[in-house]
Every structure is written in structure tokens, then in C-alpha cells.
Amino acid sequence: MKQTAKKFITLLLIVAMALGSVAYAPDRTASAYSIPANMKWWADDKFGMFIHFGAYSYYGQGEWAMSEQQISKQKYQTQYAANFNPTSFNANEIVKYAKNAGMKYVVITAKHHEGVSMWDTKVESFKDYTGKTTFSLQQYSKFASTKRDVLMELKNACDKAGLKFGLYYSIVDWNHKSQKLGGNLSSTMTSMDARAAYITDMKAQLKELVDTYHPAVMWFDGDWTYSNKKPTLELWWTKSDGQDLYKYMKSLDSNILVNERVCRSFGLGDFECPEREIPPKGNEPKRPWETCQSMNGAWGYKKSEEKSYYYSKNLIQDLASVASRGGNYLLNIGPKDNGAMTDNSKKILKDIGKWMKKNGTSIYGVSASPFKKDPKWGTYTRKDQTVYAHVYKWPKKKQIVLNRYKNKKVKKISILGKSKRLKYKVKKNKITVMIPKKAVYKGDTVIAVQYKK
Ligand code: FHN
């Protein structure tokens with residue numbers, strides 16, 4: 001079972017989501033959703049950093065390598081996890097780049113599918129294949145000698161910088177004794193008793209994480225071994241497990257935000273998480289949602305992807321398009337084997353930061369576009385009495401026709417980052433604006449239309 005598992009899981013998720021969307025069929029005609037009070041910071045912040053970091057970073061072939069290459073537990077543990085020694089992990093540098101890029105929260109993998117606990121877990125069953133050593137960064141890898149706690153380092157750096165701190169936790173765990181690597185969904189339970197024991201121990205780990213790091217967000221994943229009947233060894237996770245897990249998290253911290261992947265497609269959790277996709281206009285989730293995206297084709301560090309990063313301008317457009325539909329954007333970095341950020345991720349974050357410095361007001365705290373359809377040249381966001389036209393494709397002629405917001409009177413039109421007022425003509429529900437020959441920013445030049453109250 002190589003890539004097939006991933007493809008099968010993707011296919012399964014599509015089916016599950018389709019079924020799920022039947023089960024949870026939000027009223028597509030419903031007006032835009034309201035944001036619960038405890039999510040206001042999240043909805044206003046809009047833009048976060050995802051970090052995939054684990055023993056797979058050392059191996060350098062992506063976070064699915066163990067499953068794709070069917071690497072035995074013993075080999076993965078002794079040849080990769082044991083040698084993981086990310087001494088160059090620099091939380092302050094990562095948070096500096098995140099903050100300067102305009103990111104307001106950070107979510108890092110505490111435990112990915114590989115099962116390496118990135119903190120000094122005391123939960124008994126999370127051991128290596130011999131059953132003797134705790135399978136964690138602090139107890140099992142070369143890094144143990146540093147006595148460092150990378151999650152705490154990152155949390156402290158976030159606290160100091162005023163960014164919110166979140167954790168990612170995978171429900172499937174390829175190295176845990178309860179599961180065998182394999183089957184169509186990458187993880188098969190060894191017995192139903194093992195399943196019950198694992199769920200108890202998973203909750204014990206989650207309590208450790210909440211009590212130690214007080215994350216503002218718990219981002220679950222690996223919920224796809226889904227059974228819509230009684231659990232089986234291969235389909236060992238159910239909707240009621242997801243409901244129970246969500247309730248448990250809220251019992252640990254009533255303010256923690258939990259994503260829908262406690263068991264996806266049933267409207268569980270506090271927000272939906274479309275992955276690598278921007279929901280089509282008019283088909284956005286009717287509750288809080290966040291698109292997650294990587295900077296190249298991999299989440300965890302993958303050497304072969306280091307030459308295939310997406311263009312910064314396209315990632316900026318994604319950010320604006322997600323905001324224009326009412327969503328959040330969680331953009332991923334995959335630190336290298338030694339824990340350092342890749343040069344390409346630093347460059348992209350710098351590019352985005354330059355744009356956000358002048359245009360962030362058209363992203364933070366905005367509402368979705370007030371218009372049903374997107375123009376060919378880009379999209380809109382709105383904040384109070386200002387509508388922002390995000391112009392991805394700058395018109396050749398020196399004018400652009402914008403939609404007029406609720407037939408309000410225009411107060412001022414300018415390009416964000418420039419003080420010069422632009423000339424314009426209002427005719428019915430359209431505004432023709434005279435614009436410079438050249439766009440100010442590659443990818444997204446924002447025209448701010450301020451209306452009178
Ligand atoms: O299998 C994971 C994958 O490794 C990565 O963590 C992404 C990020 O959202 N989630 C799963 C794939 O959908």
C-alpha cells in the first residue's frame with residue numbers, strides 16, 4: 001500500500017463529505033453565519049501559520065513517508081525518529097517570520113500520524129516497538145539530550161509576540177501499539193479492546209497538552225477511519241467518538257477552538273477546514289471555516305518539493321479570496337531535518353509580509369464580499385463602510401468598473417498604500433474609477449472605496 005492509501009483516503013473523504021453534507025446539509029440560502037463570541041479573535045485574525053514538524057522532517061520525504069513506503073515500526077523508529085535532532089529549531093525566528101507576514105496565530109503538530117509525541121508525554125502506552133522507551137522527541141530521539149521543549153518554546157514565543165498558539169493532533173497513530181500500519185485507511189486497530197484503550201490514552205495525552213500549553217486551538221486530523229455503523233478494526237472511528245472528543249476538549253477548556261475533524265462532515269467542532277481548496281462562491285460553508293494550504297506540494301519537509309514552491313502572489317490571492325468568502329487562511333511551513341525554516345518559506349513569508357503591511361486592513365476583521373458574483377479581475381472584501389476591491393488582474397485601460405455598495409454615497413477612493421485620491425464616476429450601481437497604468441502590487445492591488453455612513 002503506497003500512494004494508494006492516500007488516494008483511497010482522499011476518495012473516501014470526498015464520499016464521506018458528500019454523505020456528510022447530506023447528513024449536515026447547511027441551508028445554502030441561509031444568511032451569513034454569526035460568529036460565537038469566543039471565536040471573534042479567530043474570525044478577526046483571519047490568517048495563521050500551520051507548522052508540520054516531526055520525525056518525518058528528519059527523513060525529508062514528507063509526513064506520509066512511513067505509510068507510503070510501508071516502513072516498519074522498528075525501522076521508522078530506530079532509523080529515523082531516533083536520529084531526529086532538530087537543534088536548529090528556532091521558535092523566536094519562526095514567530096518573527098509569522099508575525100512579519102501578518103499571521104496572527106500558529107498551529108503546530110504536537111503529534112502527527114507517525115505518532116511521535118513532540119512533548120514529554122507521560123502517558124504509558126505511547127512507547128516504541130520494544131515497549132520500553134516513550135516514543136517522544138524528548139525521550140526517544142537524539143534531541144533528548146538537549147532537554148528542550150519545542151512546543152513550549154513556540155508557545156512562549158507566540159505569547160511574547162502576541163500571537164495565539166494552537167496544536168494539531170492526529171487521531172490515527174501509526175506507531176502506537178493499538179494500531180497496525182496498513183489497510184485501506186493506513187491504520188488498522190489490533191483489537192476492539194486496544195481501540196478502547198487507545199481512545200482513553202489519547203484523551204490523557206490531550207489533557208497533558210491542554211494543561212501544559214493552554215492552546216487556543218486544537219486542530220484534529222486523522223479521523224478518516226470512519227464507520228457509520230458499529231466500529232470495526234479497520235473502520236474504528238465514529239461520529240459519536242467525534243462528538244465525545246469535542247465534548248471532552250470543551251470540558252478541558254471551554255474556550256478552546258476545535259476544528260471539525262473530530263469526525264468531519266457532520267457539522268461537529270467549531271469550524272470547518274477545507275483543505276487546499278477555496279470553496280466556490282455561493283457554496284461556502286455556512287459556519288466559520290478555514291482553508292489550510294501548504295507552500296508547495298508537501299506539508300512536512302520533503303526534499304523533492306523544495307524546488308516547487310507556489311508563487312507568493314498566488315498565495316496572496318488565495319488569502320484574499322478566502323477572506324472574500326468569509327473564511328480564514330492557515331498557511332503551512334515544514335521545517336527541515338535540523339528544525340530550521342527553509343529559505344523558500346522565509347522568502348514567501350517576507351513577500352506576503354510586504355503586501356500585508358500595506359493591505360492587511362483589507363483582510364483583518366473583514367466581512368465577506370457583499371456582492372453575489374466575483375468580477376473577472378478579482379474579488380471584494382468589506383469592513384464597515386469601506387469596500388476593498390482586490391484587483392488580481394490589473395486592467396489594461398486606465399479605468400476599472402466596480403460594483404457600488406448598497407447605492408451608498410462615495411466618500412473617497414484610493415489605492416491602499418497610496419494617499420492619492422482616485423477620480424471616479426458613479427452611474428446607478430456601478431462606479432468607474434480612473435486608475436494608474438500599472439498595478440501597485442503584483443498579484444493583488446487593493447482599491448479602497450470609502451462610503452458615507
Ligand atoms: O494526512 C494529513 C496530512 O498529512 C496533513 O496533515 C493535512 C493537513 O491538513 N491533513 C491530512 C490530509 O488531509
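Numbering starts at 1 and runs along the sequence shown.
Seen from the ring of Trp41, Lys164 counts as a face-on cation partner, given the 6.0 Å and 45° thresholds. Remark: Lys111 is not positioned above the aromatic ring of Tyr168, lacking an NZ or CZ atom under 6.0 angstrom from the ring centre and at most 45 degrees off the axis. Tyr33 does not carry Lys286 over the face of its six-membered ring by the limits of under 6.0 Å from the centre and within 45° of the normal.
Checked by atom type and distance alone, the side chain of Arg264 never pairs as donor or acceptor with a backbone atom of Asp221 at under 3.5 Å. A donor-acceptor contact shorter than 3.5 Å links the side chain of Gln179 to the backbone of Asp173. Judged by distance alone, with hydrogens and angles left aside, the side-chain atoms of Tyr310 form a donor-acceptor pair with the main-chain N or O of Asn296 at under 3.5 Å. Side-chain atoms of Asn359 come within 3.5 Å of backbone atoms of Trp355 as a donor-acceptor pair (strictly under, hydrogens ignored). In this structure, the side chain of Asn338 does not engage the main chain of Pro86 through any donor-acceptor pair within 3.5 Å. A donor-acceptor contact shorter than 3.5 Å is absent between the side chain of Glu272 and the backbone of Pro285.
Atom NZ of Lys250 sits in a crowded spot, with more than 12 heavy atoms from other residues, nucleotides or ligands closer than 6.0 Å. Counting heavy atoms of neighbouring residues, nucleotides and ligands inside a 6.0 Å radius, atom NZ of Lys207 does not exceed 12 of them. Within 6.0 Å of the NZ atom in Lys358, the count of heavy atoms belonging to other residues, nucleotides or ligands does not exceed 12. In Lys430, the NZ atom is crowded: over 12 heavy atoms of neighbouring residues, nucleotides or ligands sit closer than 6.0 Å. Atom NZ of Lys229 sits in a sparse spot, with 12 or fewer heavy atoms from other residues, nucleotides or ligands closer than 6.0 Å.
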Quiz item: Does the salt bridge (charged side-chain N to carboxylate O under 4.0 Å, His left out) test come out yes or no for Lys347 and Asp343, once each step is laid out?
Solution: CA-CA 6 Å; Lys347 181 190 172 309; Asp343 292 342; over 6 Å; no
Quiz item: Going through the distances and angles, do Asn332 and Ser294 end up as a side-chain hydrogen bond (donor to acceptor under 3.5 Å, both in side chains)?
Solution: CA-CA 5 Å; Asn332 180 72; Ser294 55; 5.5 Å; no
Quiz item: Given Glu275 and Arg261, is the salt bridge (charged side-chain N to carboxylate O under 4.0 Å, His left out) satisfied, shown in steps?
Solution: CA-CA 11 Å; Glu275 184 163 315; Arg261 293 186 186 181; 2.8 Å; yes
Self-check item: Check against ring-ring contact (aromatic ring centres under 6.0 Å, His included), Tyr226 and Trp236
Solution: CA-CA 6 Å; Tyr226 164 70; Trp236 52 268; over 10 Å; no
Practice problem: Show your reasoning for whether ring-ring contact (aromatic ring centres under 6.0 Å, His included) applies to Trp299 and Phe50. | Solution: CA-CA 9 Å; Trp299 298 97; Phe50 215 173; 5.8 Å; yes
Practice problem: Show the numbers, then the answer: is there a salt bridge (charged side-chain N to carboxylate O under 4.0 Å, His left out) between Asp374 and Arg325? | Solution: CA-CA 10 Å; Asp374 273 342; Arg325 287 160 169 71; 3.3 Å; yes
Self-check item: CA sep, side-chain torsions, deciding dist, call: Gln450, Gln385, side-chain hydrogen bond (donor to acceptor under 3.5 Å, both in side chains)
Solution: CA-CA 6 Å; Gln450 279 175 282; Gln385 301 306 315; over 6 Å; no
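Under 3.5 Å, the side chains of Glu114 and Tyr76 contain a donor-acceptor pair of N or O atoms. Looking only at atom types and distance, the side chain of His113 has no donor-acceptor partner in the side chain of Ser67 under 3.5 Å away. One side chain, Tyr405 or Arg382, offers a donor N or O that lies under 3.5 Å from an acceptor on the other.
If you take CG on Leu416 and OG1 on Thr361, they are separated by 7.0 Å, rounding to the nearest 0.5 Å. In this structure, OH in Tyr392 is found 6.0 Å from CD in Gln317, a value given to the nearest 0.5 Å. Distance check, rounded to the nearest 0.5 Å: CG of Asn38 to CD1 of Ile256 gives 11.0 Å. The CG atom of Asn314 sits 11.5 Å away from the CG atom of Asp444 when rounded to the nearest 0.5 Å.
Residues satisfying the ring-ring contact (aromatic ring centres under 6.0 Å, His included) criterion with Phe371, sequence neighbours excluded, are Tyr380.
In summary, the aromatic rings of Tyr58 and Phe143 are positioned with their centroids too far apart to meet the 6.0 Å limit. Here the two rings, on His112 and Trp64, have centers that are 6.0 Å apart or farther.
Ring geometry for Phe271 versus Trp42: interplanar angle of 30 to 60°, hence tilted.
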